[in-house]
2 protein chains.
Amino acid sequence: MLNHHPRSLDPIFQALADPTRRGMVARLAQGPASVSELAEPFDMSLPAIVQHLQVLETSGLVASEKIGRVRTCRIEPQALLTARDWLESQRAAWEARFDRLDAYLAQLQAKEKKHGRKRKSRA
Amino acid sequence: MLNHHPRSLDPIFQALADPTRRGMVARLAQGPASVSELAEPFDMSLPAIVQHLQVLETSGLVASEKIGRVRTCRIEPQALLTARDWLESQRAAWEARFDRLDAYLAQLQAKEKKHGRKRKSRA
DNA sequence: CTGATACTTAAGCACATGCTTAACCATCAC
DNA sequence: GTGATGGTTAAGCATGTGCTTAAGTATCAG
């Protein structure tokens, strides 16, 4: 059984629930960038950008390292995978139940065609 | 080119950034449920549950219909897919850049050796 | 050294979020 | 009708979020 409710998903989804932070993630998916490079597309003060960056780092989606006076940020793909896998497992669960329902309905119809009386008992 | 920053991702990720709401999504992935059924696993007042449900509905992750006095909720798989696909596209972008970097490094190494054989550096 | 660059820290503020309790409304069973 | 069931609405409150400006630190360029 998969672990469906790890608390670590909280900060990941929280971090992704903001267009500025998603923009940063998308930028970093193309390769590492400095803080100012990350800030450039956004009409926002640098402290605001740094705060977004802290949210991303705390969530584990981004890591960074300071060399000289430049902080270089890179994406942390494992956190991305953690979120994607949770979503995928939910989708898969939904589809499995959909398929079971579908099979059940097909069976119902098949039996009705033949005899119109016999029914499977399982729900 | 895919549209990477639709605003509709905001409420979806926001909705998923809470363990109670993820629990409800996981429950609904197994099949429809009433409000009280959804509330049952959580140590929380019913109005709180209904508020979480509203967040899920506004995000498009869940839909519901009231029949008699019972509101039946079901998952809305398209919203789940929207979120999953964004994550997957970021992961894919990261991997593509990783592969390009890898190829570049391999090429560098080949040139350095002048006559050296090609090597895979990503075992 | 001097000044510019690249952040960093601190404080403050408006608004959003996640609960609560109390009261209310609409079925359904009898 | 009465009462129980399932849900809804309203109000309030503590805490969190997303910015801002102002001021500070550390490095590099000359």
Please give, in whole Å, the distance from [N] [atom2] to [X] [atom1]?
| X | N | atom1 | atom2 | answer |
| --- | --- | --- | --- | --- |
| A/Arg71 | C/dT8 | CZ | C1' | 9 Å |
| A/Gln54 | C/dT9 | CD | P | 7 Å |
| A/Arg22 | D/dG18 | CZ | P | 12 Å |
| B/Phe13 | D/dG18 | CZ | P | 15 Å |
| A/Leu53 | D/dT17 | CG | P | 16 Å |
| A/Ile49 | C/dT9 | CD1 | C1' | 17 Å |
| B/Glu40 | D/dG6 | CD | C1' | 15 Å |

If you assign each of A/Val55 and B/Glu37 to its closest nucleotide in DNA chain D, which residue comes earlier from the 5' end?
B/Glu37
Nearest-nucleotide comparison on DNA chain C, the residue closer to the 5′ end among A/Val35 and A/Gln14
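Final value for this comparison: A/Val35.
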State plainly whether one hydrophobic cluster holds both B/Val55 and B/Leu80, where clusters connect Ile, Leu, Val, Met, Phe, Trp and Tyr through side-chain heavy atoms under 4.5 angstrom apart.
no
Under 4.0 Å protein heavy-atom contacts per nucleotide of nucleotides 19-30 of chain D, with B for base, S for backbone only and - for none
BBBB----BS--
Between A/Phe13 and B/Phe13, what is the ring plane arrangement, given parallel below 30°, perpendicular above 60°, and tilted in between?
parallel
Working to the nearest 0.5 Å, report the span between CD1 of B/Ile75 and CD of B/Gln30.
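CD of B/Gln30 is found 9.0 Å from CD1 of B/Ile75.
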Look at the side-chain N and O atoms of A/Ser34 and state whether any lies under 4.0 Å from the OP1 or OP2 oxygen of C/dC7.
yes
Give a yes or no on whether a salt bridge exists between A/Glu95 and A/Arg97, defined as a side-chain N under 4.0 angstrom from a carboxylate O.
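No, no charged N to carboxylate O under 4.0 Å.
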Show which side-chain atoms of residues 34-50 of chain A pair as donor or acceptor with protein atoms under 3.5 Å away, not counting sequence neighbours.
{"from": "A/Ser34", "atom 1": "OG", "to": "A/Glu37", "atom 2": "N", "distance (Å)": "3.1"}
{"from": "A/Glu37", "atom 1": "OE1", "to": "A/Ser34", "atom 2": "N", "distance (Å)": "2.9"}
{"from": "A/Ser45", "atom 1": "OG", "to": "A/Ala48", "atom 2": "N", "distance (Å)": "3.4"}

Side-chain donor/acceptor pairs under 3.5 Å, residues 58-67 of chain A, sequence neighbours excluded:
{"from": "A/Thr58", "atom 1": "OG1", "to": "A/Gln54", "atom 2": "O", "distance (Å)": "2.8"}
{"from": "A/Ser59", "atom 1": "OG", "to": "A/Leu56", "atom 2": "O", "distance (Å)": "2.7"}
{"from": "A/Ser59", "atom 1": "OG", "to": "A/Leu61", "atom 2": "N", "distance (Å)": "3.2"}
{"from": "A/Ser64", "atom 1": "OG", "to": "A/Glu57", "atom 2": "OE2", "distance (Å)": "2.7"}
{"from": "A/Ser64", "atom 1": "OG", "to": "A/Arg71", "atom 2": "NH1", "distance (Å)": "2.9"}

